[in-house]
Amino acid sequence: MAEQEQAGAGPRAERAPFVKSRSGAPSGFFAAEADGLRWLAEPGAVPVVEVLEVREDALHLVRLESASPDAEAARDLGARLARLHDAGAPGFGWAPGDSAWFGPLTDPFEVPTDSRDSFARFWAEDRLRPLLASCTSTLGSDGSARVEAAIDAIADGSFDGICGQEPEPPARVHGDLWSGNVMWTGGGAVLIDPAAHGGHRLEDLAMLSLFGAPHLEQIYAGYEQAHPLPQGWREDLPAHVLFGLLAHVHLFGSGYTSQAISTADAVSARARRVAG
């Protein structure tokens, strides 16, 4: 249990486990989360909450003690994320379990686990277009057309690399790395609640920006020190956060439509600039 103790979790026997449970959870939901946590922990790159027991309706995890984040811990998280991503994955969209899910415990939706050779096909066809279909009435005809244009740009391969450079290999990503899924402890950051899969490494960096992670600039600085990124890489982030925004439209409704549509416009504009 070395990693969890280093992360500030403390000896397992001293605390009752943290139990996530839901009666009537989709079959395989908690098993998929457990598989994702173990897969993320496998390279030893970043602390990940330890799985103690998996049940059909519950997941037992080592209980962590929260602490306030600081700039040093944030910078360390960034460097560790870079090493996690560099551990790689068998393909884009590949998941470590038999099924994969995205969304809150109360209302997750299933996502495909097909392994693709290109980020474009995975992101556009397996993730974004199905969500667009479920959100069309909420987005409206004009909004849907603008989102579809962004998805078409992604499908054309504009974001397979970073800043139009060579395509990225599949990275080992958390997949839902908004700020609430980073647990800050006395020993640093610990990852929780993943939607782990083989993806583009900018997916995690984009999700951290969605609702504003603490010390985000330091996280990015630590990442770039460990794995340099091309100048202007942040202009690619809208393409990688669009799935998260459409998921919020799908799950929570019209409160996220304006942000989703403006993000889609940014994707289309970035694709035109990359194309030259």
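Heavy atoms only: backbone and side chains are in, while hydrogens, waters and symmetry mates are out.
Within the 4.5 Å cutoff, no side-chain heavy atoms of E56 are placed close to those of F30. Taking 4.5 Å as the limit, some side-chain heavy atom of V147 sits within range of a side-chain heavy atom of L139. By the 4.5 Å heavy-atom criterion applied to side chains, V49 and D193 are not counted as neighbours. You'll find the side chain of L229 reaches within 4.5 Å of the side chain of L205, heavy atoms only. For the pair S99 and T113, the minimum side-chain heavy-atom distance is 4.5 Å or more. Put simply, the side chain of P47 does not reach to within 4.5 Å of the side chain of L191, judged on heavy atoms.
Side-chain contact check for H227 and D86: at least one donor-acceptor pair (N or O, by modelled atom type) lies under 3.5 Å.
For Y220 and W233, the ring centers sit closer than 6.0 Å to each other. Taking the ring centroids of F92 and H197, they lie at or beyond the 6.0 Å cut-off. F119 and H240 have their aromatic ring centers within a separation under 6.0 angstrom.
Summarising the geometry, atom CZ belonging to F243 is positioned 7.5 Å from atom CZ belonging to F122; distances are rounded to the nearest 0.5 Å. Going from atom CD1 of I151 over to atom CZ of R146 covers 13.5 Å, rounded to the nearest 0.5 Å. Interatomic distance, CG of D204 versus CG of L84, reported as 7.0 Å (0.5 Å rounding). Taken to the nearest 0.5 Å, the OG atom of S179 stands 10.0 Å off from the CH2 atom of W184. The structure places CG of L177 at 11.0 Å from CG of L210, a figure rounded to the nearest 0.5 Å.
By the 4.0 Å N-to-carboxylate-O rule, R121 lies too far from D117 to be salt-bridged with it. Using a 4.0 Å cut-off between charged side-chain N and carboxylate O, R38 and E50 make no salt bridge. A salt bridge links R129 with D152: at least one charged nitrogen is closer than 4.0 Å to a carboxylate oxygen.
Between T257 and the choices V249, L245, L246, the side-chain contact (heavy atoms from CB on, under 4.5 Å) rule is met once, by V249. Here the rule is side-chain contact (heavy atoms from CB on, under 4.5 Å) with V54, and of L37, L61, L59 only L59 fits it. With Y223 as reference, H85 is the one residue of H85, R80, R75 to meet the side-chain hydrogen bond (donor to acceptor under 3.5 Å, both in side chains) rule.
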Pair W123-E203, side chain to side chain donor-acceptor pair (under 3.5 Å): steps then yes or no: CA-CA 10 Å; W123 205 231; E203 289 177 49; over 6 Å; no
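Between the side chain of D126 and the backbone N or O of P112, no donor-acceptor pair lies under 3.5 Å. With N181 contributing its side chain and D176 its backbone, the two residues share a donor-acceptor pair below 3.5 Å. Looking at R22, its side chain does come within 3.5 Å of a backbone N or O of L105 through a donor-acceptor pair. Between the R172 side chain and the G88 main chain, a donor and an acceptor come within less than 3.5 Å of each other. Although no hydrogens or angles enter the test, the distance criterion places no donor-acceptor pair under 3.5 Å between the side chain of D114 and the main chain of W94.
The environment of D70 atom CG is dense: over 12 non-hydrogen atoms of other residues, nucleotides or ligands sit within 6.0 angstrom. Heavy-atom neighbours of E110 CD from other residues, nucleotides or ligands within 6.0 Å: above the threshold of 12. More than 12 heavy-atom neighbours from other residues, nucleotides or ligands sit within 6.0 angstrom of CD on E42.
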For a quick test of your reading: what N or O donor-acceptor pairs under 3.5 Å do the side chains of residues 157-165 make, sequence neighbours left out?
{"residue": "S158", "atom": "OG", "partner": "A153", "partner atom": "O", "Å": "3.3"}
{"residue": "D160", "atom": "OD1", "partner": "A120", "partner atom": "N", "Å": "3.0"}

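No cation-pi contact links R63 to F18, judged by a cut-off of 6.0 Å to the six-membered ring centre and 45° from its axis.
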